[in-house]
**Q** 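Next up is a structure, given as structure tokens.
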Amino acid sequence: MTTYQVEQGILTAASQQANACQAAAELADALQHEHLGFVLFFCSAEYDLAALADALESSFPTTPLSGCTTAGEITPGGYDRGSIVAIGFDRRLFAIETALIDDLEHFELANAQPLVDTLLEQCRQQTIAPINEHSFALTLLDGLSSREEQVLATLDAALGRIPSFGGSAGDDNHLSHTHVYTAGRFYTRAAVVVMINTRLPFEVFSTHHLIPLAHKLVVTEADREQRRVIELNGLPAAQVYAELVGSAPAQLNAGIFARHPLAVRIGGQHYVRSIQRVNSDSSLSFYCAVENGIVLTAMQPTPLLDNLSVMLAGVGARLGAPSMIIGCDCFLRRMELEALQQLDQASQLLRQAGVVGFNTYGEQHHGMHVNQTFTGVAFGSLPTNHKH
């Protein structure tokens, strides 16, 4: 059990209790105070989710909660598995409102604009801080819904200049059932939008440690709905990719995909499109949208820990020592750290920077769905004369 009191209206806590009631009780002990206004949590999919929902509701009877299942947790102590981590927000510094999107298939601007407008109006009524410049949106999506791109682009259009980030829920790498949580229960094929308005300075960020190589692969046949690439450069996709990375198609696995990702270039930036698996017909399934005619660039990792520490140092320089960071960290990055035996070093970096969050099946940043990034929000501190 880990927790620390932060002067800036944010408390973090984690529980490794496997029993849902005990875990929820531990979190409540650590987070409850008279000004608690909202709890955000990330939990292992190993929990009995129905029991966890009941336990959280009875442990936090008057506090709204939102969250999702993970492919690993980032607790105040660093990387973890099989646990639940939570963040408690003080209502004197944060106005937080949530909305559920339970029909991802038909989510369009006509739905998105009133949803966003309502959330902003509910935050505005709490008069914590001006809405513009002091608000951002956090999106938690079912990581196996295959609807992220459309939903995010639509939300981004409705949000206008309000920054957004988020993560796709995971399920401990089983790739079968991922869940988001709001209003007392877990949902699949759904998304939760959390609008956060705060007096604290903050910065929404995204980083990755991958650089482009010269190799280009053209998607010559794809099944867009299934996110499946059937042919690259006119040949079976798995065969072309295996040749690129110097492996036999039968040897391709998640570790190779993590070390040899592909990316699409949009507006001068490379956005990673990670491979999920090889199929029996030599096609490749991806975690992000793929379609006919896109050009994929082979990417090469640089040292992940160096990139992470530079990014954290930069955020610290701009905000002052962050009081806390919510991080959405792709599970493929964690897999790479485990393969390199650098998980403990990474945990130490995250711990020192006050990061809590989760390993995702994809990250969201300003309406883009990406893979293999560390994306999140860092909160700075209020000047001492502005406490509450």
Side-chain angles (χ1 to χ4, degrees), residues 146 148-150 152-153 156 165 168 205-249 251-279 282-308 310-311 328-337 339-340 360-375:
S146 299
E148 291 98 327
E149 283 81 13
Q150 183 202 344
L152 290 169
D156 194 54
F165 81 97
S168 298
F205 63 84
S206 183
T207 189
H208 67 77
H209 65 301
L210 304 160
I211 54 170
L213 296 168
H215 306 290
K216 301 274 190 278
L217 306 173
V218 180
V219 176
T220 45
E221 190 184 344
D223 177 343
R224 188 179 173 185
E225 284 300 302
Q226 299 291 320
R227 294 180 172 174
R228 207 159 56 92
V229 172
I230 298 155
E231 285 186 357
L232 289 166
N233 299 347
L235 295 166
Q239 176 192 324
V240 174
Y241 177 79
E243 279 176 24
L244 173 74
V245 302
S247 167
Q251 254 86 62
L252 294 175
N253 59 34
I256 290 175
F257 302 147
R259 289 193 303 279
H260 301 280
L262 303 171
V264 59
R265 188 181 163 111
I266 302 169
Q269 298 274 338
H270 284 92
Y271 295 96
V272 175
R273 296 282 177 262
S274 296
I275 301 168
Q276 187 182 101
R277 63 174 183 273
V278 183
N279 302 308
S282 286
S283 65
L284 297 171
S285 291
F286 281 73
Y287 282 103
C288 276
V290 285
E291 49 196 279
N292 281 337
I294 62 168
V295 178
L296 294 169
T297 300
M299 302 291 279
Q300 178 180 11
T302 60
L304 192 157
L305 290 177
D306 293 356
N307 171 267
L308 183 60
V310 166
M311 188 279 299
C328 300
D329 185 36
C330 185
F331 85 106
L332 294 163
R333 288 167 56 89
R334 177 166 179 161
M335 205 177 272
E336 184 180 331
L337 288 166
L340 295 168
T360 71
Y361 283 172
E363 305 78 59
Q364 298 123 35
H365 188 236
H366 295 324
M368 294 291 295
H369 180 217
V370 288
N371 292 126
Q372 276 176 265
T373 72
F374 180 76
T375 295

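Computed from a prediction, not measured in an experiment: that's the story for all the values here.
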**Q** Could you check whether the rings of Phe331 and Tyr287 sit parallel, tilted or perpendicular, using 30° and 60° as the cut-offs?
**A**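 Plane angle over 60°, so perpendicular.
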**Q** State, with a plain yes or no, whether a side-chain heavy atom of Leu337 is found less than 4.5 Å away from one of Leu305.
**A**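 A side-chain contact under 4.5 Å exists here.
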**Q** Are any side-chain N or O atoms of Thr302 and backbone N or O atoms of Leu210, one a donor and one an acceptor, separated by less than 3.5 Å?
**A**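 Not at all, since once roles are kept as given, no pair shorter than 3.5 Å links the two residues.
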**Q** What distance do His260 atom NE2 and Leu213 atom CG have between them, rounded to the nearest 0.5 Å?
**A**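 Separation between the atoms: 9.5 Å.
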**Q** Decide side-chain contact (heavy atoms from CB on, under 4.5 Å) for Gln364 and Val370; before the verdict, give the C-alpha distance in whole Å, the side-chain angles of both, and the deciding distance to 0.1 Å.
**A** CA-CA 6 Å; Gln364 298 123 35; Val370 288; over 6 Å; no
**Q** So does Gln226 get a backbone contact from the side chain of Asp223, meaning a donor-acceptor N/O pair under 3.5 Å?
**A**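 Here the side-chain-to-backbone pair exists.
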**Q** For residues Asn371 and Gly362, report the shortest heavy-atom separation together with the two atoms involved.
**A**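 In this case the closest contact between Asn371 and Gly362 is ND2-CA, 3.6 Å.
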**Q** Measure the CZ-OG distance between Arg277 and Ser283 for me, rounded to the nearest 0.5 Å.
**A**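 Separation between the atoms: 8.0 Å.
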**Q** Hey, are the side chains of Arg333 and Leu304 touching, using non-hydrogen atoms and a 4.5 Å cut-off?
**A**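 The answer is yes, as the side chains (C-beta and beyond) meet within the 4.5 Å cut-off.
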**Q** Give the intermediate values and the outcome of side-chain contact (heavy atoms from CB on, under 4.5 Å) for residues Gln269 and Met368.
**A** CA-CA 12 Å; Gln269 298 274 338; Met368 294 291 295; over 6 Å; no
**Q** If you look at every heavy atom in Asn233 and Lys216, which pair is closest and at what distance?
**A**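 Minimum heavy-atom separation between Asn233 and Lys216: ND2-O, 3.9 Å.
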**Q** How close do Cys330 and Thr360 get, counting heavy atoms only, and between which atoms?
**A**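 Residues Cys330 and Thr360, closest heavy atoms: CA-OG1, 3.6 Å.
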**Q** Taking all non-hydrogen atoms of both residues into account, name the closest pair between Ala242 and Ala248 and its distance.
**A**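 Minimum heavy-atom separation between Ala242 and Ala248: CB-C, 4.0 Å.
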**Q** Determine whether a donor-acceptor pair (N or O, by modelled atom type, separation under 3.5 Å) exists between the side chain of Arg273 and the backbone of Ala289.
**A**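 Such a contact is found between Arg273 side chain and Ala289 backbone.
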**Q** Evaluate the side-chain proximity of His209 to Glu336: yes if any heavy-atom separation is below 4.5 Å, no if none is.
**A**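 Sidechains of His209 and Glu336: in contact.
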**Q** How far does CG of Leu284 sit from OG of Ser274, to the nearest 0.5 angstrom?
**A**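 Between Leu284 CG and Ser274 OG, I get 12.0 Å after rounding to 0.5 Å.
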**Q** Go through the side-chain N and O atoms of Arg228 and Ser285 and say whether any donor and acceptor fall under 3.5 Å apart.
**A**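 Short answer, no.
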**Q** Quick one, Val295 and Val219 - any side-chain contact, counting heavy atoms below 4.5 Å?
**A**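 Result no, sub-4.5 Å side-chain heavy-atom pair not found.
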**Q** For the pair Thr207 and Asn307, evaluate side-chain contact (heavy atoms from CB on, under 4.5 Å) and give the outcome as yes or no after the intermediate values.
**A** CA-CA 8 Å; Thr207 189; Asn307 171 267; 3.0 Å; yes
**Q** Under the ring-ring contact (aromatic ring centres under 6.0 Å, His included) definition, can you give me all pairs with a residue in residues 211-247, not counting sequence neighbours?
**A**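 Passing the test, one end in residues 211-247: Tyr241-Phe257.
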**Q** Examine distances only and state if a side-chain atom of Gln372 and a backbone atom of Ala258 form a donor-acceptor pair shorter than 3.5 Å.
**A**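 It does hold such a pair.
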**Q** Stepwise, does the side-chain contact (heavy atoms from CB on, under 4.5 Å) test hold for Leu244 with Val240?
**A** CA-CA 6 Å; Leu244 173 74; Val240 174; 5.8 Å; no
**Q** Ignoring hydrogens, what is the shortest heavy-atom contact between Ala254 and Leu332? Give both atom names and the distance.
**A**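 Heavy atoms of Ala254 and Leu332 come nearest at O-CD2, 4.4 Å.
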**Q** Which atom names give the shortest non-hydrogen contact between Val278 and Ala238, and what distance separates them?
**A**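 Result for this residue pair: CG1-CB, 3.8 Å.
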**Q** Taking the side chain as C-beta and beyond, is there a heavy-atom pair between Ile266 and Val264 under 4.5 Å?
**A**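 Yes, side chains in contact.
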**Q** Ignoring hydrogens and angles, tell me if any N or O in the side chain of Thr220 forms a donor-acceptor pair with the backbone of Gly234 under 3.5 Å.
**A**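 Yes; judged by distance alone, with no hydrogens or angles, the pair exists.
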**Q** Do Leu235 and Leu232 come within less than 4.5 Å of each other through their side chains, counting heavy atoms only?
**A**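 No, their side chains stay 4.5 Å or more apart.
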**Q** Distance check, rounded to the nearest 0.5 Å: Leu217 atom CG versus Thr297 atom OG1?
**A**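 Interatomic distance, Leu217 CG to Thr297 OG1, rounded to 0.5 Å: 8.0 Å.
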**Q** Looking only at atom types and distance, does a side-chain atom of Asn292 sit under 3.5 Å from a main-chain N or O of Ala222, one as donor and one as acceptor?
**A**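 Looks like yes, one N/O pair under 3.5 Å.
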**Q** At what distance, to the nearest 0.5 angstrom, does CD1 of Ile211 lie from NE2 of His270?
**A**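 Going from the CD1 atom of Ile211 to the NE2 atom of His270 covers 10.5 Å.
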**Q** Could you tell me the separation between the NE2 atom of His365 and the CG atom of Leu152, rounded to the nearest 0.5 Å?
**A**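 His365 atom NE2 to Leu152 atom CG measures 12.0 Å (nearest 0.5 Å).
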**Q** Quick check: does any side chain N or O of Glu363 sit under 3.5 Å from a backbone N or O of Thr373, one acting as donor and the other as acceptor?
**A**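 It does hold such a pair.
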**Q** Taking only residues two or more places apart in sequence or in another chain, which ones pass ring pair (Phe, Tyr, Trp, His ring centres under 6.0 Å) with Phe205?
**A**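 Phe205 satisfies ring pair (Phe, Tyr, Trp, His ring centres under 6.0 Å) with Phe374 only.
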